[in-house]
Protein chains: 2
Amino acid sequence: MSRNKRTELIRKSLDLFYRNGFHATGMDLVAKETGVSKTSIYKHFRTKEDLILAVLRLRDEDFRNRLIRRMEDLSDTAEGQLMALFDALEEWFQQAGFQGCMFIKASAEFQQKEHPINVQAMEHKRLLLEHFTALAEAAGFENPRDLACQILVLKEGAIVLAAMSHSCDPASDARKAAQVLLRNHPKNDP
Amino acid sequence: MSRNKRTELIRKSLDLFYRNGFHATGMDLVAKETGVSKTSIYKHFRTKEDLILAVLRLRDEDFRNRLIRRMEDLSDTAEGQLMALFDALEEWFQQAGFQGCMFIKASAEFQQKEHPINVQAMEHKRLLLEHFTALAEAAGFENPRDLACQILVLKEGAIVLAAMSHSCDPASDARKAAQVLLRNHPKNDP
DNA sequence: TCAAACATGAACAGATCGGTCAATCTTTTC
DNA sequence: GAAAAGATTGACCGATCTGTTCATGTTTGA
């Protein structure tokens, strides 16, 4: 199987898992919808869990790259990019197929602390937190990690509420809150 | 079946669904663990979905009552209670069986907008938001609904991150953020 | 006390679950 | 162009899924 076909398979599986959930999506459906026979799928992925992990790896790269690039497109400054996070979120919420955060959902279905799927979901959040921390540091804030943690809490809360309510409003709620946090967070001496 | 037995059945089912997830918990297991035969369960609940809805109704009452009472125990003032929310959350995160918010997880597994389970999960969040709004109003804040929405975003974000990371830290992150929000939110003229 | 109401276990449907197999079909390689 | 290697297929495995049937207890109330 070529690398392209493999990626295609993962991408189509991603759509299915994202729309229907992990437990609720059977491998027969994956085979039917991807056009790849179950035997072939299992040649490349030992178990369903392995396929899910591959899906999450792809999603992590895709999502993080797109989000960060969008934040950079929306602003030139580190502080502006932190605020732009919430505009990017709102754009995402408005997209047709928006169904919440794939990692939150994965973690909800495989919640044991040491489960590889939960570990991978956590890793995604950790990488995002690293980026927010770097931005907060570049913007000259004291305790950049603290501020980044608060931004992350706002982001996750907004995603969960937007997915549940099928509304974009939580994005602006989170943005307003972030605005206040940024304005009041102490900065380093120049 | 007596009312007590019925409640007992729902409560034990709640534990199972909360620990293992909804799709991942079969009705045979529910029958075995509750000690109620499958036949009897289906006498009282037409479908598994009906049982889940009953579980969520119980959870809503239980959780909301406990949370609100704890906030009231921790503070006498409306503003203090809003802050105490995050102390109550932290206590919850520390409890042995903490596995995140049951409604977020239910919504993640049954995410279609009009699905009764998702509707019920949304209703739980709506009721919490009402309470936060009332507190914000009682505390004399302008735009109490706005402030309450921001508090709710912080709460949901903290729960999701705490469940995923199996850590209590998001509670204090959210509390610090809430502190800043409350301090800077405009108040009505006296 | 006797019958109506309810609860039970075990077996059974029919579908679907994750995963495998031998038999084919394609592609590569010499 | 033939042989080796890899990919694909549909049928199949045993287990489990939600939900039902039935014949047999067990409560319960008048």
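Naming convention: chains lettered A, B, ... in sequence-line order (proteins, then strands); numbering from 1 in each chain. If you're wondering where the values come from, they're calculated on a predicted model, not measured in any experiment.
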Enquirer: To the nearest angstrom, how far is Lys32(A) atom NZ from dG10(D) atom C1'?
Expert: 15 Å

Enquirer: In whole angstrom, what separates Arg6(B)'s CZ from dA7(C)'s C1'?
Expert: 15 Å

Enquirer: If the sugar-phosphate is the primed atoms plus P, OP1 and OP2 and the base is the rest, what is the B/S/- string for nucleotides 17-29 of chain C, using protein heavy atoms under 4.0 Å?
Expert: SBBBB--------

Enquirer: Could you pull out all residues at least two apart from Lys176(B) that satisfy side-chain contact (heavy atoms from CB on, under 4.5 Å)?
Expert: Asp146(A), Gln150(A), Asp173(B)

Enquirer: According to side chain to side chain donor-acceptor pair (under 3.5 Å), who are the partners of Glu130(B), at least two apart in sequence or on a separate chain?
Expert: Arg145(B)

Enquirer: Can you list the residues that meet the side-chain contact (heavy atoms from CB on, under 4.5 Å) rule with Asp62(A), with sequence neighbours excluded?
Expert: Arg11(A), Leu58(A), Arg66(A)

Enquirer: Can you tell me if the side-chain N/O atoms of Ser37(B) get under 4.0 Å from OP1 or OP2 in dT8(C)?
Expert: yes

Enquirer: Considering residues at least two apart in sequence or located in another chain, which fulfil the side chain to side chain donor-acceptor pair (under 3.5 Å) criterion with Glu123(A)?
Expert: Arg126(A)

Enquirer: Strictly by salt bridge (Lys or Arg N to Asp or Glu O under 4.0 Å), give each pair with a member in residues 74-101 of chain B just once, sequence neighbours left out.
Expert: Arg70(B)-Glu91(B), Glu79(B)-Lys187(B), Asp87(B)-Arg175(B), Glu90(B)-Arg175(B)

